[in-house]
Amino acid sequence: GAHPDDIEYGCGGALAKLSRLGHHVYCLVMTKGEIGAGGKSAVRYKEQLRAAKILKVKKVFWGGYRDTRIPLEKELIIRIEKTVNTVKPTFIFVNYMDDTHQDHRAVAQATNTATRYTKNVLFYEVPSTQNFNPTVFIDIQGVFSLKIAALRAHASQVTATKIKDLTILDSARSNAIFRGIQGRVKYAEAFVPSRLFLASERNSA
């Protein structure tokens, strides 16, 4: 994710579900989101670690970029590739490319290149995402409370929606219900796949 809380909003339920199933989950957060906390990067850093603990994330990696200043260049791809080569993931979740925030766009495009050898790459949505037409859905009803708890851990961002009387928790709940209705479940997260393998050879039906 480009910023602390992007991952929790976009795929926190999926990560909680995967952790519960015994998968190892890792996060790479490219900035510390300091602008979203009045320049206090230490606040966002601690919030991200608290959220990661709730989702049982094995380790949080940091990209080291400044908030709102992630450049779409070779170095960004290399930094993402370094983490990918360390973790060797079978699934990647990342911001969607069409987004009003430049950091989200840059991370999405660079990740698309950096994960070209990863089998499963799914793009998630956040409040600033545009033109998002998902075709993959994950039922998160059983872990929805963990998603909300992880978002609540980002305390500095809960009311930072720029919409009066609407919290990030309200937004996440509404979105999960909307995507759930599309899949005929109560709560869901939705994704646009770059690539998706439905079954491995070992577990194929």
Side-chain angles (χ1 to χ4, degrees), residues 1-20 23-71 76 79-84 86-87 89 91-96 99-108 110-111 114-115 122-129 138 140 143-162 167-173 175-176 189 191:
H3 314 99
D5 83 1
D6 283 352
I7 293 171
E8 289 75 17
Y9 190 100
C11 63
L15 298 188
K17 195 166 189 175
L18 289 168
S19 292
R20 186 171 283 183
H23 295 277
H24 292 175
V25 174
Y26 299 83
C27 291
L28 169 58
V29 185
M30 301 311 297
T31 77
K32 291 182 179 175
E34 60 272 14
I35 289 179
K40 298 178 181 178
S41 60
V43 170
R44 305 288 314 267
Y45 174 80
K46 291 177 182 177
E47 290 174 348
Q48 181 62 69
L49 295 184
R50 283 195 289 269
K53 187 175 182 181
I54 291 168
L55 298 179
K56 299 190 183 305
V57 172
K58 299 286 287 185
K59 182 177 180 178
V60 177
F61 295 87
W62 296 93
Y65 287 97
R66 295 181 65 184
D67 192 3
T68 74
R69 297 188 181 183
I70 300 180
L76 176 60
R79 291 194 193 190
I80 296 170
E81 281 182 331
K82 183 178 179 181
T83 302
V84 169
T86 297
V87 174
F91 262 90
I92 292 281
F93 298 91
V94 66
N95 294 93
Y96 188 56
D99 197 287
T100 60
H101 199 300
Q102 67 275 13
D103 284 353
H104 297 168
R105 295 195 303 270
V107 170
T111 300
T115 61
L122 298 174
F123 295 101
Y124 58 69
E125 60 185 328
V126 294
S128 54
T129 300
I138 297 178
I140 62 168
V143 293
F144 184 69
S145 61
L146 291 175
K147 176 186 177 80
I148 291 297
L151 280 169
R152 189 177 283 115
H154 293 278
S156 69
Q157 304 305 298
V158 169
T159 60
T161 62
K162 295 182 173 62
T167 69
I168 195 72
L169 309 180
D170 297 327
S171 173
R173 183 174 290 105
N175 192 60
E189 287 174 343
F191 305 91

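- Side-chain contact between Leu55 and Val25: absent, with no pair of heavy atoms (C-beta onward) separated by less than 4.5 Å.
- Annotation: Phe61, atom CZ; neighbour count of heavy atoms from other residues, nucleotides and ligands within 6.0 Å is above 12.
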Verdict with supporting geometry, His3 and His104, side-chain contact (heavy atoms from CB on, under 4.5 Å): CA-CA 8 Å; His3 314 99; His104 297 168; 3.2 Å; yes
For a quick test of your reading: what N or O donor-acceptor pairs under 3.5 Å do the side chains of residues 30-43 make, sequence neighbours left out?
from	atom 1	to	atom 2	distance (Å)
Thr31	OG1	Ala2	O	3.0
Thr31	OG1	Gly33	N	3.1
Glu34	OE2	Asp67	N	3.0

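- The two atoms that bring Leu146 and Ile54 nearest to each other are O-CG2, 3.8 Å, heavy atoms only.
- Here the rule is side-chain hydrogen bond (donor to acceptor under 3.5 Å, both in side chains) with Ser128, and of Asp99, Asp6, Asp103 only Asp99 fits it.
- Taking the six-membered ring for Trp and thresholds of 30 and 60 degrees, Tyr26 and His24 have ring planes more than 60 degrees apart, a perpendicular arrangement.
- Without hydrogens or angle criteria, Lys147 side chain to Tyr9 main chain gives a donor-acceptor distance under 3.5 Å.
- A donor-acceptor pair under 3.5 Å is absent between the side-chain atoms of Asn175 and the main chain of Ala172, judged by distance alone.
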Taking distance alone, no hydrogens or angles, what donor-acceptor pairs closer than 3.5 Å link side-chain atoms of residues 149-156 to residues at least two apart or in another chain?
from	atom 1	to	atom 2	distance (Å)
His154	NE2	Glu8	OE1	3.2
Ser156	OG	Glu47	OE1	2.9
Ser156	OG	Glu47	OE2	3.1

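- Going from atom CD of Glu81 over to atom CZ of Arg79 covers 13.0 Å, rounded to the nearest 0.5 Å.
- Evaluation of the ring-ring contact (aromatic ring centres under 6.0 Å, His included) rule for Phe144 yields Tyr187 as partners, not counting sequence neighbours.
- Judged as a ring-ring contact (aromatic ring centres under 6.0 Å, His included), and not counting sequence neighbours, the contacts of Tyr96 are Phe132.
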Candidate pair Ile70 and Gln102, rule side-chain contact (heavy atoms from CB on, under 4.5 Å), full reasoning: CA-CA 8 Å; Ile70 300 180; Gln102 67 275 13; over 6 Å; no
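- With rounding to the nearest 0.5 angstrom, the CG atom of Leu28 is 7.5 Å from the OG1 atom of Thr111.
- Val94 and Ala108 make their closest contact through CG2-CA, 4.3 Å (heavy atoms, listed as atom of the first residue, atom of the second, distance).
- Shown here are the ring-ring contact (aromatic ring centres under 6.0 Å, His included) partners of Tyr124, two or more places apart in sequence or in another chain: there are none.
- Taking CD of Glu125 as the reference point, atom CG of Asn95 lies at 11.5 Å (rounded to 0.5 Å).
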Would Trp62 and Gln48 satisfy side-chain contact (heavy atoms from CB on, under 4.5 Å), going step by step from the backbone distance to the final call? CA-CA 11 Å; Trp62 296 93; Gln48 181 62 69; 3.7 Å; yes
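- Taking the side chain as every heavy atom from C-beta outward, Pro127 and Ile168 approach each other to under 4.5 Å.
- Evaluation of the salt bridge (charged side-chain N to carboxylate O under 4.0 Å, His left out) rule for Asp5 yields Arg44 as partners, not counting sequence neighbours.
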